[in-house]
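Take a look at the structure set out below.
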Number of protein chains: 2
Amino acid sequence: MSQEGVGVDLETSLGYLLKEASSALRVAMEEVLRPLGMSVTHYSCLELLAQRPGLSNSELARGAFVTRQTMNVLLQTLERDGYVTRPAEAPVGKALPARLTPRGRRSLEKASAAVRSVEAGMLAGLTGTEQSEAFRILRSMIHSLRGADEGA
Amino acid sequence: MSQEGVGVDLETSLGYLLKEASSALRVAMEEVLRPLGMSVTHYSCLELLAQRPGLSNSELARGAFVTRQTMNVLLQTLERDGYVTRPAEAPVGKALPARLTPRGRRSLEKASAAVRSVEAGMLAGLTGTEQSEAFRILRSMIHSLRGADEGA
DNA sequence: CAAGCTATGTCAGAATGCTGACATGAGTCA
DNA sequence: TGACTCATGTCAGCATTCTGACATAGCTTG
């Protein structure tokens, strides 16, 4: 029963809508980053390092929502191409603090501007109040999703 | 200037928060789907077919936010394993309408329940009003992101 | 009717990300 | 001190997804 014209609760699912929004954001970011020869993860890594110099590979991975193995591969490429530097030896423990080179900083500038304009566009139709609401609501969702199994 | 403890507007970026929420949702979904031997895209495809029987490969791809090539690979696997069926010849045009088999429907049942519980958990801390707000806001974001270059 | 445009299905190769595994450095605790 | 636990960096192999390309079906337009 219920075949064709049914309610189709994909249309009312906040999970689906969240995925849709995230997908749209990713597509829009890829679109502006492609001309700069940069992927979203690539950009995320540089932006993280710009705002928090000295992050380790594992910390960058968590910040960019990828595994540390994935970030490691990316970091090696970025290091080889002269966008970031890491000391040969860890000052403490095993964690190697990464930093942007001048070249990395330069490369990030255009990308950062492009991404900010994408984000600004995304928020164009929203009032400041709505943006605050969105912030609060998304935070709550994240908290609920993570707390479910970490707390148990 | 401004090195360590700076504002770090990743903390205030709605784009970053959106990515974080989406990542948390994906992780939570993978977690409950893994025991069922199902990936998120796998599940998405079955759920789409359950709610809208007869969708074509390209339509499924758009609904699951992947390319039609990716969905084609998945569909071939699902067809081989007896979860979906497609006619040998297209009734019209080239589009092959796909449908769930009884086995596919059975397999989807547990997965659907699991995913719904994840979504319910995600919304646990939110009032009905907040959920409506979230819905409206996400819709606006999607509209703004897509309209930017499709309208130009 | 013919040409052009768009959408579709599909194959092939490349890029990207993940899981598994191992070794190392640091903190904890008996 | 020695064993245990945890986090880290890294290598290797695999899975997933993407881009590029091609042929075909249907519509549109002159």
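Nothing here was measured: the structure is a model prediction, and the numbers come from that model. In what follows, every heavy atom counts, from backbone to side chain, and hydrogens, waters and symmetry copies are set aside. Throughout, a chain's letter reflects where its sequence line sits, starting with A, and its residues are numbered from 1.
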*Taking the side chain of B:Lys94 as its heavy atoms from C-beta onward, which of D:dT17, C:dG9, D:dT10 lies nearest to it?*
C:dG9

_Proximity to the side chain of A:Arg86 - top-ranked nucleotide from D:dT10, C:dG17, D:dT24_ = D:dT10

_5' precedence on DNA chain C between A:Pro91 and A:Met71 (nearest-nucleotide basis)_ = A:Met71

*Using atom CZ of A:Arg68 as one end and atom P of C:dC18 as the other, report the distance to the nearest whole Å.*
12 Å

*Between C:dG17 atom P and A:Leu60 atom CG, what is the distance in whole Å?*
14 Å

*Given C:dT10, C:dC18, D:dG9, which nucleotide is nearest the side-chain atoms of A:Thr70?*
C:dC18

*Under 4.0 angstrom, heavy atoms only, what part of the nucleic acid is A:Leu74 near: base, sugar-phosphate, or nothing?*
nothing

*Would you say a side-chain N or O of A:Asn57 is under 4.0 Å from OP1 or OP2 of D:dT8?*
no

*What nucleotide, of C:dC18, D:dT8, C:dT8, holds the atom closest to the side chain of A:Thr67?*
C:dC18

*Measure from the side-chain heavy atoms of B:Arg34 and tell me the nearest of C:dT19, C:dT10, C:dA21.*
C:dT19

*Closest nucleotide of DNA chain D for A:Gln69 versus for B:Val66: which of these residues is on the 5' side?*
A:Gln69

*Which part of the nucleic acid, if any, lies within reach of B:Ser39 when heavy atoms closer than 4.0 Å are counted: base, sugar-phosphate only, or nothing?*
nothing

*Is A:Thr101 reaching over with its side chain to a backbone N or O of A:Gly82, donor-acceptor style, under 3.5 angstrom?*
yes

_Just the rounded figure in Å: distance from C1' of C:dT16 to CZ of A:Phe65._
18 Å

*asked:* Quick one, B:Glu11 with A:Arg52, criterion salt bridge (charged side-chain N to carboxylate O under 4.0 Å, His left out). Give me CA distance, side-chain angles, the key distance, then yes/no.
replied: CA-CA 12 Å; B:Glu11 295 305 322; A:Arg52 310 189 209 165; 2.8 Å; yes

_B:Ser112 versus B:Glu47, side-chain donor and acceptor atoms under 3.5 Å_ = yes

*Atom-pair distance (CG on B:Leu78; P on C:dG9), nearest Å*: 15 Å

*Taking only the side-chain nitrogens and oxygens of B:Asn72, find out if one of them lies under 4.0 Å from OP1 or OP2 of C:dG9.*
no

*Check the angle between the aromatic planes of A:His42 and A:Tyr83 and answer parallel, tilted or perpendicular using the 30° and 60° thresholds.*
perpendicular

_End-to-end axis angle, where each axis spans five pairs of the helix from C:dC1-D:dG30 to C:dA30-D:dT1, to 10°_ = 30°

*OP1, OP2 of C:dC18 versus side-chain N and O of B:Arg26: anything below 4.0 Å?*
no

*Quick one: which of C:dT10, C:dG9, D:dT10 gets closest to the side chain of A:Gln76?*
D:dT10

*Before accepting this row, confirm whether a basic side-chain N of the pair A:Arg146/B:Glu20 lies closer than 4.0 Å to the acidic partner's carboxylate O.*
yes

_Backbone of B:Val66 reached by a side-chain donor or acceptor of B:Thr70 within 3.5 Å_ = no

*Can you tell me the distance, in whole Å, between the CG atom of A:Leu33 and the P atom of C:dT16?*
13 Å

*Could you tell me whether the side chain of B:Gln76 and the main chain of B:Val73 form a donor-acceptor pair under 3.5 Å?*
no

*Pair A:Arg105 + A:Glu109: basic N to acidic O under 4.0 Å*: no

_Looking at C:dT16, I'd like to know if its phosphate oxygens (OP1 or OP2) sit under 4.0 Å from a side-chain N or O belonging to A:Thr41._
no

*asked:* For B:Glu30 and A:Gly93, find the nucleotide of DNA chain C closest to each by heavy atoms; which residue's nucleotide sits nearer the 5' end?
replied: B:Glu30

_What contact category does A:Ser56 fall into here, base, sugar-phosphate, or nothing, at under 4.0 angstrom with non-hydrogen atoms?_
sugar-phosphate

*Tell me: CD of B:Glu79 to C1' of C:dG9, nearest whole Å?*
12 Å

*Separation of C:dC18 C1' from B:Glu31 CD (nearest whole Å)*: 16 Å

